[in-house]
Structure formats: structure tokens, C-alpha cells
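Data first, discussion second: the structure below is written as C-alpha cells.
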Amino acid sequence: MPGSARDALRTIVVAGTGPVGLAAAIALRRALPSSMVTLVRTPDDPAALADSAATFLPQTNAFHDRLGIDEKGLILRCGASHRLALAFAGWTGPDHTTLQAYGAAPPDGVDPRANPAMAATLAAAERFAIAPDDPALPLSDIDHALRVNPEAYRNHLAALARHLGVVGGDRLLRAAVPDGKGGLAEVVLEDGTRIGGDLFVDGSGPAARLASALPLQDREDWSGQLPCDRVLVARQEDQFRLTTMDEVAAMTTGWRASSFGRDGCHAHFAFQSDCGPDEAAVGAAGFESGTLVAIAPGRRAQAWQANVLCLGDAAAQFEPLHWMNLSLAHAQMALFLEHLPGREDEPLERAEYNRRAGAMADRVRDFIALHYCAKHRPEGRFWAQVATLERSDSLALTLAEYSGRGRLPYFEDDMVSRDAWKLAMATIGLAPGMAPRIAALPVASQAALADQHKARVAAALRQAIPYPQWLAAYPKAFP
Amino acid sequence: MTQRKPVRVMVVGGGTAGWSAAAALARLLPGVAEVHVIESADVGIVGVGEATLPHVRQFVQQLGIDEADFMRATHATFKLGIDFRNFGRIGDSYIHPFGTFGREVAHVPFHHYWLQCRARGVAADIGHYSLAVQAARAGRFAVPRDDDLSLGSSYGYAYQFDAGLFGPYLGTFALQHGARRTEGTIESVQRDPLTGTVVSVTLAGGAQFSADLFIDCSGFRSLLLGEALDEPWEDWSHWLPCDRAIAMPTASPAGEIEPYTRATALGAGWAWRIPLQHRVGNGYVYASAFLEDDAAVAALRQTVQGKALAEPRQLRFRAGRRRNSWVGNVVAIGLSSGFLEPLESTSIYLSHMAITRLIDLFPIDGVQPSGAAEASRREFNRLVDMEYDRIRDFLILHYHATTRDDSPFWDHVRTMTVPDSLAEKMALWRRTGRIAKYGEGLFFEPSWVAVYLGQNVAPERWDSRAALPQASALEGALARLEREIAGLASAMPGHRQFLTMQAARLANAG
Ligand SMILES: Cc1cc2nc3c(=O)[nH]c(=O)nc-3n(C[C@H](O)[C@H](O)[C@H](O)COP(=O)(O)OP(=O)(O)OC[C@H]3O[C@@H](n4cnc5c(N)ncnc54)[C@H](O)[C@@H]3O)c2cc1C
């Protein structure tokens, strides 16, 4: 049989030394230990929301495993703490708070609005546990996300990258040089050094300092579906809380997210510039200081062009509700590794990646947009504006099927779990429609489903311990 | 909780599709759906359709039917895959298994490593790295283990059963769960002159029955969707030219029962061989544009082994589907909705898939022309379309991926233009060894790999990471895997022995 393995990428240039660029460098170096992976610094951009993330999602844990980053290292070296749920305050009306938890949603036939998920109950009780693998055990229904100190996390990744033999990272990019074939020939560094590559990864944030040199710049614009185009990024070191719950509060002018790390509160205030002057909105946010950044919600139509792959904010930019920016970058990185190219260009493979990576991003967009679909919204110009947003066909179908019969249609490459979709529906106060199979159950059996769920939650709650106590015991419990 | 009025469902037809629908609706939607089946002894059932896919197990299980009992009643055997003979080239044979090949290493699918070893001349046929293939070839069977990590769980199975017994088995079950049955031949269909919805059907003799929702399981005739509603037909016969079949059962040979279906390519199509407990089902699926009927009968007689148990019977069909399966208050399920030839045993799967979707989307508040029921219809049709399209491409691949030039039929399918969706998949495979992935539907990566490699469509290049391990280490790992699989296969009981043990367990339990 003829044929051969493709020639492996020999030289890979990664622009951006934030978590996106570092993770890409680590993943590529692990996949191709014989390749030369060079990091190139780009100016830190506060608008690169994937890079400034101080917290992750549950699916990040598996990706970290794959990179060779364990939770223990993050807890001991990056000040990691655990989140089980996110409280949405005032989102569906004043004085009304709903918890959106991680892990399993209540089973079909049980309304998650009236019967919170297990992780929500634990979070409300400030208790914690690590989910066991055995699905028979009640606690297996929970899942958690980590928060970290961003600087420590970045150093942690950088150390791992160095340890694996990734080079560079100290010199700034000056220019990207096109190759005349739709891709790049080389990059030029601040000291004049030129580095060529088989593959260039652009993790430089929204400025896309490599990809902006390419001929194709088509974008899918999401501004009709996601309202926020300004984010105020702030850190409040005095706001210290040891908790398994973070918070998103609806304000009249936008929303404000607070993630309580062990290094203080990492806050975002997101709003829309059309609703009034930025200063007024910022004033209403209640922060003493912060960095205001502009974002253009949308994604590159083709995140992978010729020999240039965009990841993170270079590929997709959107408001950081649920802090999904970095997780999307991770999921797309995993997808890229599935389609890892050789040295020669294969347009069909790129098309396949772009198709799937695009679908993945669009579903993240839908998930965030879902949060604006509540029937009852807060007062204010921002929310009046929100009421006029468009809905993608895929989101419209998801909403209709869920409210019609409690069903979530399947979408290819959706990185958001079905449980998460379900729980988000509850957050915005949307009731699941009656599923035909549930309608066919006797009323007593329907009620029993909710009782079983409650009993399982109660059993789990007894096995969990207060979070501060859990964390204090950690170094001893996991030597 | 408000008391809903049950939706009156009429199932038109008592073949495999009709009784499957009636059984599932009666069992899973009691009180929500009131099921009435009308079937005609004069018309009869199509009487073929004996090889299935692993999904059929879920279908049967969710109804709470005991596997051993159902297998005994339908003289069923186990199926681990399909042995395709003479497809890519005369003399070739490969099994498309219900299972995987090897294990992925460092997130790279096994077949890339296999291609690497193959190029060095140190790999056995890819079937040696599939437990399903090895068990099938050895005539052995055991139920897969259920721990995800072991090779013992790397396969699935389906059944081969008597097409004349499966429907009646489900019929008894449906009647036990409250379905009603009327025997008679429908002569006319009444529709509301304003809305066009179907109101009732009238049988020969004048009895008239009405319902809210009609499930058209009337077979190829498509009595409601095709005849009454005249839903347009999308024809695919330019890609799948086979339009006739000759079926003829034969006596079981002595010896082991093959735990798989055989598909043997012939001059103008292919022949199936489906071994059951008590007999063997055979048939020749062919294209009438390329072969006379008499010649088809002669060819089948020549192919079969063992004594014929009945005269050859002819069936006619065409490849394609009705544009929409659900129109107004009529849902077509089974042959009435469309047909893809039985090369990969997909037809009963398509019926069961449609039934499961219908149950998930069931209009519990009745079938109004718009509103909730309209959403059900749109979603149902979207899902059915997707399944048909994917299966269609996979079937076309079996014909197109060939070097056969020994007959006008094979010349035609080898040189025809295939759908773009398939052409792109094939080009991607050839250039990179990658399979275009999807998560819903039928036929995932191992299935495509089996057919591509089995029909000599080899990629020119594959994943660069397959060249990373040291040649000797990779060769050693492959050899160990092959031995491990051979060991597991030879530890399984023979298929016949397994069936005997199963029957004995059932007898003891009863
Ligand atoms: C050659 C061939 C081989 C096949 N092999 C396979 C296979 O290996 N695997 C697989 O999964 N599928 C296979 N199939 C498909 C399989 O046979 C069908 O999917 C399955 O049998 C379902 O058929 P049905 O119930 O839709 O139609 P039928 O079996 O034709 O049933 C139609 C029903 O409608 C009733 N009816 C019709 N008209 C009237 C009327 N006017 N009044 C009242 N009642 C009426 C009939 O009495 C009958 O009960 C094969 C098909 C063919 C043609």
C-alpha cells in the first residue's frame, strides 16, 4: 500500500504569551515533541478576555489534564479555589436570585427552577466535595470550575512550557511577513531576528497581530445577538471571600460579574456603548478603578487560514458572561489537535476545522445570548435594548423545543453540556415544556421523580463539608 | 395537573414498521396516545427485512422486552457486522463490524498507526485489530462487557430475525399494552375539504374509522402520505440504481451459524445472506436497467447454498424518499416514507429512529394545523432528513469505491458523479486519512474506516504523529493487540453454543 505519514510540522511560531498562546505552545509541543515551538511576545492587551481570565469552566479541568496541569499544582501554586455555582442576581427581576450550577441538572420531568441542581444546593450551603467517579454515588452529580490568580497561572504555564522545551517568549513581535500564498512566511522580532515557521498560531488577542497581515479578514458579526461591546475589568483585592459561589448582577446599565478568588475579587462590568456615554455606565458600575476595553462581538469566518491559526480573542470576541472565552479557545485547540496538519497545506482539512470550530463558537454565542431571553428583564435602557436582539435560528429552535416539550435538540460541536443548557434555562426563568414520556406517567410517578431528586441532593449534602474546612485540609488530604 | 384528552392515533399497516410504532406508542405513551392499528391480510406485509443494527437493542429494551424471549420467538441470531465480498474487487472480503479498530493513542485514531505499519509491511489486515471482526470470522459470540476501558467492550451487536415473526411479536406486545387492532383493507381516505387534514379511512365493506393523528405504515404503497396527500418524491436512483430484489429462503447448513450478514457483490447488484436459527434468508438486490429478472433468479439460485425452502419472490422498489415524512396529521414511518436499499440493514433502524423521534416530539395536546404541532413536524422532518442523507452517502460509497469493470452496472456506479457531500468526505480521507465527524446519526469513524480500507480506498497521507513512535515499539504494540484480540475471540463460545445456552437459561427461568 503506497502513502506515508505526513511530514510533521518542524517549526511552529506562537504569538502571544498569555494563557492562550502558552496553552497552544504546550499542547503543540506535547503533540509533536520533535518540533521547534517558539513563543513571540505581543503587547499585553486588556481586551484579550481569554487571556485575562481569572477563572475557568468545568471542562477546563479535562483540558488541563491533557496539558499535564493538575489541580493540585493550581491549588498550591496558583491560589486556585473552587466554584460550584454562579448566582444570577436581579436577572429576571429585582430581588430575585437564581443559581446556575455545574454538573448534572435534575432529571427529565423535574423542573430545575423549583428543584435546584445538587451543586447549587451545595453552593448555597457553602459546602464542597470533589465528585467521585461512580455515578451511583449522589455526589457524582456535581462538577466544579477553578479560579486562579491570573499572574500565577500565567507563570505556571510559562514554566511548564519552558520545561517542555518551548523556546522564546522574551522578545516582542515587530511584524508578520506574508508569504504571498495566503499565509505567512516569517515573523520579525523587535531586535530584527526573523523566524520562519510551518505553522503560526495567533494568540495575540483581538488585534490578531499575525492574522491581520493576511489577505482574508471576513468576520461573522454577533453584535445583533450579543449586546455588550464594552467591558470594564477590575480587581478588588480587599473584597476577599472564600466561597464556592460567584455572582453576576444585573444592573440597569449592564451586568457586573464578581469572581471571588483567594487573591480578591475579579470583576467585570459589561455594557453597551449605544446606551449612553461610557463614563456614565462606568460610574454606575461602582468600581473605584478599572480598565475599560472595547470589544467587537463576533468571530473570524475562518479562524484557520493557510498556515495561520487564530485562537482566543484573535478568533472570537464576546462578552465574558460565564467566562467562556478561554474555554472556547481550549475547545478549539483540542479540535485543532484532532486536525493537526502536516507541513503541506490541505485545504479540505482546514475547511473541516473551520466548519466545526465555527459551529462551536456559534453555540457559545447562543449560550450567552440565551441569558438575554428571559421573559422578565430588569428595568433600564440596556435591558430595553436587549429586548430587541435577534435570535439565531439555532437558539430559536433550542428555546422553542425546551419550552415546548422540555427537549434540547442536539447540535454538533456544542461544547456546552446539555445539563448546562437546561440549568441556564432555569436561570432565565424558563419552564421546561411537558415531555410526552413524562406526560404519560401517572401523576404520582411524576411527583416521585422530584422526591427522588431531593433525596439524592440531601444525601450528597450530608457528605459534603464546609468549603473553608475542605480547603484548609487540602494539603494534608492530598499529599 | 390538567387532564389531557388522549390523542387518537391510527397506525395504518401491520408490518414491522406499523407494529413497532404501535408497540412503542402503547408502551411509552399510555394515556397520551390511544393506538388503533389497521392491517390487511389481503395486502400482506413485505416479508423481508431480517438484518438489523445495534440500535434495535435499545428500541427493544426501552419497551421492557426480554432479549432471550424475543430472540426465541423470532428465531433470531446475533449479528456482529456485515461481510462484504467482491465489492472493491472480485475476491476481496472485509467485515464492517459493530465495533472499533484498536485504540487511539495520544488522541490519534488507531488507523493512522495502522497505516504507518502497513506501509512498512508489518501490519496484518485491519480486521485483526477488531474484536468484532475476529469473533465474527471465528463464528463465536459473547455479550460485550460493559466497562469502557477494556477491549471486551469494544464492540456491539444486533440481531438477525425472521421478518414474518418480528411484527407479530410486537403486535402481541402492543395489544397487551392496550392497542386495538382491526383487520381490513382501506379503500378510501377522507380529508377535511378546508384544511386538507385526514379525517378518517373507510375499509372494504364500509366500516369507517377516524383518528387525530395517522401514522402511515402502509409500506411501499404509501397510502396516506404518497397517495392521499401526494407528497413529492425525491428520487435517488441515479446514485443507487438497484430497484428490484429476488428473495429466497434456504435450509440452514450444518455447522456453525455465522454471527454476521453476508453481502456479496454480483454483476448487477449484490446478494444478501442472513443466517437465522431455523433457516437462511437470501436475496439478490439488482438494477433492472442492467439485468433481466430471469437472469437475476438464475444468479441467485447459483449463489445460494442449501435447499430452497420456497420459490423465489420478486420485490420492486426505488431509492429515495418523500420530501417530508410528516405532513399535516400524517406521519409516514417505514417503507411508506422512503427507501434506501438494505446494503447496510438501515431500514428498520430508520423506522425505529422515526418512532423514537415521534415519541419525543409527540403533539400531546393534539394535532392542530399550526402552533406546537407545526414545531413538532418541522423538527421531525429535519431529523429524518439528516439521517436519510447521511445513510445515502454511506451506501453510495460502497458502490462507488471499486475498481470493478467487469459489467456495465459496475462501470456505471464506479464512474458516476456522487453527491458533493460524499465527494468531499472521500477527498478528505484520501488526502489526510481523516473522517469528517458527526456526533448524531449512524455510522461513525470506524464504519467509514472499515469500508474505505475494505474497498481499497487508502489515504495517500496520514497523521504525522503516527510516525513518532519508534518503529519497533509500534510493531510490538500492534502485535500484542492482535494477540490479545485473538485470545479474547477464541475464549468466546461458538455462536450456536451461545444460542443454546441462552435458550436453556430461558427454559429454566420459565
Ligand atoms: C429486498 C428488501 C430487503 C430488505 N432487507 C432489510 C434488512 O435486511 N434490514 C432492514 O432493516 N430492512 C430491510 N428491508 C426493509 C424492511 O423490509 C422494512 O423496513 C420493514 O419490513 C418495514 O416494512 P413496513 O412495515 O414499512 O411495510 P410492510 O411490511 O409492507 O407493511 C405494510 C402494511 O400495510 C398494510 N396495508 C397496506 N395497504 C393497506 C390497505 N389498503 N389497507 C390496510 N392495510 C394496508 C399491509 O397489510 C401491511 O400490514 C428490506 C426491504 C427490501 C425490499
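Protein chains get the first letters and strands the later ones, always in sequence-line order, with residue 1 at the start of each.
Around CZ of R431(B), the count of heavy atoms belonging to other residues, nucleotides or ligands within 6.0 Å does not exceed 12. When the shell of 6.0 Å around CG of D147(B) is examined, it contains more than 12 heavy atoms from other residues, nucleotides or ligands. Environment of CG in D134(A): crowded, with over 12 heavy atoms of neighbouring residues, nucleotides or ligands closer than 6.0 Å. Residue R382(B) qualifies as enclosed at atom CZ: its count of foreign heavy atoms under 6.0 Å is above 12. The number of heavy-atom neighbours closer than 6.0 Å to CD of Q470(B), taken from other residues, nucleotides and ligands shown, is 12 or below.
With a 4.5 Å cut-off on non-hydrogen atoms, R343(A) does not touch chain B at all. Both the backbone and the side chain of E349(A) come within contact range of chain B, with heavy atoms under 4.5 Å apart. Contact of A400(A) with chain B is not made at all, since no heavy-atom distance falls under 4.5 Å. For R407(A), the part lying under 4.5 angstrom from a heavy atom of chain B is the side chain only. For A427(B), the parts sitting under 4.5 Å from any heavy atom of chain A are the backbone and the side chain alike. Using a 4.5 Å cut-off between heavy atoms, R30(A) does not touch chain B at all. Neither the backbone nor the side chain of A435(A) comes within contact range of chain B; no heavy atom of the residue lies under 4.5 Å from a heavy atom of that chain. Within the 4.5 angstrom heavy-atom criterion, only side-chain atoms of L397(A), from C-beta onward, approach chain B. With a 4.5 angstrom heavy-atom cutoff, Q62(B) touches chain A only via side-chain atoms.
The two residues G3(A) and A119(B) make their nearest non-hydrogen contact at O-CB, 4.1 Å. R356(A) and K437(B) get closest at one heavy-atom pair: NH1-CB, 3.6 Å. For L468(B) against A31(A), the heavy-atom pair with the smallest separation is CD1-O, 3.3 Å. Minimum heavy-atom separation, A439(A) to R4(B): CB-NH1, 4.1 Å. Closest approach of A440(A) and L29(B) over heavy atoms only: CB-CA, 3.6 Å.
For E440(B) (side chain) and F411(A) (main-chain N/O), no donor-acceptor pair under 3.5 Å exists by modelled atom type. The closest donor-acceptor contact from the side chain of E460(B) to the backbone of S4(A) lies at 3.5 Å or more, if one exists at all. Between the side chain of R434(B) and the main chain of E338(A), a donor-acceptor pair closer than 3.5 Å is present. Panel note: side chain R461(B), backbone A5(A); a donor-acceptor pair is recorded below 3.5 Å.
Among G31(B), G439(B), A467(B), the residue with the largest count of heavy-atom pairs under 4.5 Å with chain A is G439(B). The choice from D463(B), L28(B), L361(B) that makes the most heavy-atom pairs within less than 4.5 Å of chain A is L361(B). Of the listed residues (S34(A), P436(A), G404(A), P442(A)), the greatest number of heavy-atom pairs within a distance under 4.5 Å of chain B belongs to P436(A).
Within the 4.5 Å cutoff, the side chain of I364(B) has heavy atoms near those of the M434(A) side chain. Contact of the E346(A) side chain with the L428(B) side chain is not registered, since no non-hydrogen atoms from C-beta on lie closer than 4.5 Å. In this structure, R437(A) and V32(B) have side chains that are not in contact, with every pair of non-hydrogen atoms separated by 4.5 Å or more.
Interatomic distance, CG of L32(A) versus OG of S464(B), reported as 5.0 Å (0.5 Å rounding). Within the model, atoms CD of E401(A) and CZ of R378(B) stand 9.0 Å from one another, a figure rounded to the nearest 0.5 Å. Note that the OG1 atom of T432(B) and the CG atom of L340(A) stand 11.5 Å from one another [nearest 0.5 Å]. One distance of note links CG of L9(A) with CZ of R465(B); it measures 9.5 Å at 0.5 Å rounding.
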- Output, in order, the C-alpha distance, side-chain angles, deciding distance and verdict of side chain to side chain donor-acceptor pair (under 3.5 Å) for R405(A) and S376(B). CA-CA 10 Å; R405(A) 52 188 136 253; S376(B) 297; 2.9 Å; yes
- Starting from the C-alpha separation in whole Å, work towards a yes-or-no answer on side chain to side chain contact (heavy atoms under 4.5 Å, CB included) for R66(A) and H107(B). CA-CA 10 Å; R66(A) 195 168 162 181; H107(B) 301 274; 3.2 Å; yes
